[in-house]
Amino acid sequence: MKINSSFYQFIISTFMVLSFMACNKQNPFLTAQDTPFGVPCFDKYELKDYEPAFDEAIHQFQTEIDAIVTNTEAPTFDNTIAALDRCGGLLELVEGVFFNVLEADGTPEMDEIANRVAPRLSELSDGVYMNDALFARVNKVYEDQANLDLNPEQKRLLDETYKAFINNGANLPADKKERLKQINSELAVLSLKFGQNVVAETNAEEAQVLITDESQLVGLPESAKAAAKEEAQAAGKEGWLFSPKRTSFTPVLQYCENRDLRRQLLMAYTTRGNHDNANDNKAIINQTMHLRIEKAQLFGFTCPADYLLQDCMAKDSKTVDDFLASVWEPSLAAAKREAAALQELLNQDIANGNVQCASDADNRLQPWDWWYYAEKLRQAKYALNEEELKPYFELSNVRRGVFLLAHNLYGLNFEQLSDMPVYNPDVEVFKVTDSEGALVGILYTDYFPRAGKRPGAWMNNIASQYVDADGVDHRPIIINVGNFNKPTAGNPSLLSMDDVETMFHEFGHALHGLMAKATYKSLSGTNVPRDFVELPSQFMENYCYEPEILATYAFHYQTGEVIPDSLVQKINAAKKFNQGFVQTELLSASILDMDYHELSTMDSIDVNAFEAASMAKMHMIDEIIVRYRSTFYNHIFTTGYEAGYYSYTWAAVLDADAFAAFKETGNILNPEVAARFHHLLEQGGTRDAHDLYLEFRGREADPQYLLRREGFID
């Protein structure tokens, strides 16, 4: 029977539409998020949903871009620049969910999806920035801006959009564009693989140490032993199990008399990704740096650092190098004094027979000795034992403390929401409102380690704040993630002082995202230069141990007693203790980062030799290991801080100076100063970061406040 061809096409088209509609019904990403406040329906997403969701999100994004390109009207700010900013709503949802879950609760199957999706996302981005017709429209608006009645935020968006096109290849010749696309695709995959290797090495069985004789754990606090015993039981083993996770090995380094166990665990941590096995990252570092050098040189820069720094506050590598040198010398000098004091304690232990030395090296202070003897010295000088503090730092109390601080500074209120969709039972959700009850945003917190979670702590946007074309202000959805001590059978989650600072720090990032008041998504919240983005987070750390703030959250988890004044005095007396070590460990990582990204040749890198040469050049002392050795340096090989790790110290100058603005008034909650800082946070990237800080402080930041805080000058 002959079938009418047009009728046949109609049947096929109808079938395809119905099939797609059925797919939409089955895939929760492709239907309205029917949840409170429009949060992602985490409880409905399944592994099979991700790739079809990416397929449709990429398709929708490309359709939106095509609509801008084929618009027959003359290019305007609204139909080109603002329209670009509005693109990709579904893609933001899918990426926001997938990559947050991948980092916090990932699986090997999700890793495989990420490896397939990453090149496609890179290709999509390149397809936007290297689209000649699209750039012609952007360029036309940019050239006509003097004739346009743009407000400051619109002018900022136009400038940033134009720069983004230039910095991503819009002006390159065709052959260089094609090579840039290849480079970007390869870098996307390498970044994922690097991070996956670090997680695999952290969880590797051979990196774990099982202790079956409790006498090998003398000095280790009972809480740490209980946690290690539970880890062993979870692994089906008898004894105490330790791993390269910080929550596991840090108490051993601080308190355990067993020098060999301290050595084993520190070496397991610092050699991750450096074992000539399937998870080795040395070849990935070589490939990554070769591609980054080639990419920078495609744009006419000698080295990656100058290409990457052009839009930061520092602007170029020389400025960063000079800045790091100015703080390195006083930090190293302090570290040397600290090392000499710790060596004296080791000498006493050797003389008393507490440490057996089989070689001359055993007579010298080693990196695995530093934390142990620093803890002894802190107790001797300040009578401050961190285990004595932990009962006052119960996790939920500390979190209430940061919430109350945000209320007192900015009028924010936090309400815990029950029965919300989450990707893991550990996750908790909070509604954030302002003093008038208006929604500010939604905050997720996820604080406990698990096998699928990458190390460290971070803040991410699940959804950004922006105002749509109809004038509706879409409030952000933010997540804070950490790796703090899990509750045990006998104790709740009790935080160390470092953990407390980390919670305050990441909450500062969360506030930056939550309080955003931008019109355009790409200027909202934390979309600021890398060497400015750490200001809001590090600023919050200043409040941790202020007596009036401690009184709001430091309650003994058993008695409810507020932390006594005697302990508060000890905490603040010891604040400058061991800062030579802290800053030297941090700055050495910043200098190593710059050494990598100031490379300008494609020669093969012997990663271990390169790192050793970098440490020798800066005269790093043997008693301290750089905070992030190359093969697990996630910041610069996976998370976008390449040639940017200096930002933590750069921003520390700003945060110390900013906190001084409060201290100088005699009130660390001064409402007038808080209102100015609140305004700075709201602005996000809508204005130049330097101008924002000048407006807040009325002058340039003074680095002496940082040097005084760390105890390097009086």
Side-chain angles (χ1 to χ4, degrees), residues 209-228 239-240 242-244 246-271 331-390 496-498 570-571 573-585 588 615 620-627 711:
V209 180
L210 180 68
I211 299 295
T212 56
D213 180 359
E214 191 171 4
S215 68
Q216 298 298 305
L217 301 177
V218 174
L220 192 65
E222 290 301 319
S223 59
K225 286 198 285 188
W240 297 264
F242 300 92
S243 75
R246 277 197 171 272
T247 52
S248 179
F249 76 81
T250 299
V252 175
L253 290 183
Q254 279 186 282
Y255 300 107
C256 192
E257 293 181 10
N258 187 335
R259 196 182 192 193
D260 188 57
L261 179 59
R262 299 199 307 263
R263 180 192 61 77
Q264 287 183 70
L265 287 172
L266 185 61
M267 290 299 98
Y269 174 75
T270 58
T271 58
S331 300
L332 183 63
K336 288 178 178 179
R337 293 192 296 270
E338 292 165 4
L342 301 184
Q343 181 68 56
E344 286 300 314
L345 292 180
L346 173 60
N347 292 344
Q348 292 173 23
D349 270 356
I350 293 171
N352 294 333
N354 297 327
V355 174
Q356 306 302 316
C357 299
S359 67
D360 289 342
D362 289 341
N363 292 319
R364 296 193 298 273
L365 188 76
Q366 299 293 336
W368 48 86
D369 296 321
W370 190 291
W371 290 23
Y372 177 73
Y373 286 104
E375 185 63 28
K376 279 181 171 288
L377 185 59
R378 179 164 57 184
Q379 292 183 35
K381 289 184 71 172
Y382 305 103
L384 181 62
N385 181 341
E386 191 163 11
E387 285 302 300
E388 187 181 5
L389 295 175
K390 280 185 177 180
S496 67
M497 288 193 289
D498 281 347
K570 290 177 183 179
I571 290 171
K575 276 202 297 190
K576 298 175 183 179
F577 175 72
N578 206 38
Q579 285 304 303
F581 169 85
V582 170
Q583 294 302 320
T584 299
E585 188 194 43
S588 59
M615 296 301 111
M620 179 69 152
I621 58 177
D622 293 336
E623 296 90 339
I624 299 177
I625 294 177
V626 59
R627 177 171 294 188

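The CZ atom of Arg378 lies 5.5 Å from the CG atom of Leu384; values are rounded to the nearest 0.5 Å. Interatomic distance, Met620 CE to Leu332 CG, rounded to the nearest 0.5 Å: 8.0 Å. Put simply, CG on Leu217 and CD1 on Ile211 are 6.0 Å apart, with the number rounded to the nearest 0.5 Å. Here CD of Gln583 is found 10.5 Å from CG of Asn578. Values are rounded to the nearest 0.5 Å. The line from SG of Cys256 to CD of Glu375 is 13.0 Å long, rounded to the nearest 0.5 Å.
One N or O on the side chain of Arg259 and one on the backbone of Asp362 form a donor-acceptor pair closer than 3.5 Å. With hydrogens and angles ignored, the 3.5 Å screen pairs no side-chain donor or acceptor of Gln254 with any backbone N or O of Ala374. Panel note: side chain Glu386, backbone Met497; a donor-acceptor pair is recorded below 3.5 Å. When atom types are taken as modelled, the side chain of Glu338 and the backbone of Phe581 share a donor-acceptor pair closer than 3.5 angstrom.
The minimum heavy-atom distance linking Ala339 with Leu365 is given by the pair O-CD2, 4.0 Å. Looking at every heavy atom in both residues, Tyr255 comes nearest to Gly219 through CB-O, 3.2 Å. Summarising the geometry of Lys576 relative to Gly711, their closest heavy-atom pair is CD-CA, 3.6 Å, with the distance given to 0.1 Å. Of all non-hydrogen atoms in Pro251 and Thr247, the two that sit nearest each other are CD-O, 3.6 Å. Across all non-hydrogen atoms, the minimal contact from Gln579 to Lys575 is NE2-O, 3.6 Å. Ser248 approaches Ser243 most closely through the heavy-atom pair OG-N, 2.9 Å.
Every residue two or more places apart in sequence or in another chain that forms a salt bridge (charged side-chain N to carboxylate O under 4.0 Å, His left out) with Arg627 is listed here: Glu585. When the side chain to side chain contact (heavy atoms under 4.5 Å, CB included) test is applied to Ser223, the partners found at least two apart in sequence or on another chain are Pro221, Glu387, Asn491. Residues forming a side chain to side chain donor-acceptor pair (under 3.5 Å) with Lys336 (at least two apart in sequence, or on another chain): none. Residues satisfying the ring pair (Phe, Tyr, Trp, His ring centres under 6.0 Å) criterion with Trp240, sequence neighbours excluded, are absent altogether. Lys376 is linked by a side chain to side chain donor-acceptor pair (under 3.5 Å) to nothing, counting only residues two or more places apart in sequence or in another chain. For Ala335, the side chain to side chain contact (heavy atoms under 4.5 Å, CB included) test picks out Thr584, Ile621, Ile624, with sequence neighbours left out. Residues that satisfy the side chain to side chain donor-acceptor pair (under 3.5 Å) test with Glu388, not counting sequence neighbours, are absent from this structure. Every side chain to side chain contact (heavy atoms under 4.5 Å, CB included) that Asp498 has, sequence neighbours left out, goes to Ser496, Glu501. Every residue two or more places apart in sequence or in another chain was checked for a ring pair (Phe, Tyr, Trp, His ring centres under 6.0 Å) with Tyr373, and none qualifies. By the side chain to side chain contact (heavy atoms under 4.5 Å, CB included) test, Asn354 pairs with Asp349, Asn352, sequence neighbours left out. In this structure, Arg364 has no side chain to side chain donor-acceptor pair (under 3.5 Å) partners at least two apart in sequence or on a different chain.
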> Under the side chain to side chain contact (heavy atoms under 4.5 Å, CB included) criterion, do Gln366 and Asp622 qualify, and how do the steps go?
Replying inline: CA-CA 7 Å; Gln366 299 293 336; Asp622 293 336; over 6 Å; no
>> Test side chain to side chain contact (heavy atoms under 4.5 Å, CB included) on Leu377 and Leu342; report intermediate values, then the result.
In response: CA-CA 7 Å; Leu377 185 59; Leu342 301 184; 3.9 Å; yes
>> For a side chain to side chain contact (heavy atoms under 4.5 Å, CB included) check, start with the C-alpha distance between Ile625 and Trp370, then their side-chain angles and the critical distance, and finish with the verdict.
In response: CA-CA 10 Å; Ile625 294 177; Trp370 190 291; over 6 Å; no
> Going through the checks in order, is the side chain to side chain contact (heavy atoms under 4.5 Å, CB included) test met by Trp368 and Thr270?
Replying inline: CA-CA 11 Å; Trp368 48 86; Thr270 58; over 6 Å; no
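Ring geometry for Tyr269 against Phe249 counts as tilted: the plane angle lies between 30° and 60°, on a 0 to 90° scale.
Applying the salt bridge (Lys or Arg N to Asp or Glu O under 4.0 Å) test to residues at least two apart or on different chains, the pairs with a partner in residues 209-224 are Glu214-Lys225, Glu222-Lys225.
Residues Asp369 and Leu345 form no side-chain contact, since every pair of their non-hydrogen atoms from C-beta on lies 4.5 Å or further apart.
Annotation: Asn347, atom CG; neighbour count of heavy atoms from other residues, nucleotides and ligands within 6.0 Å is above 12.
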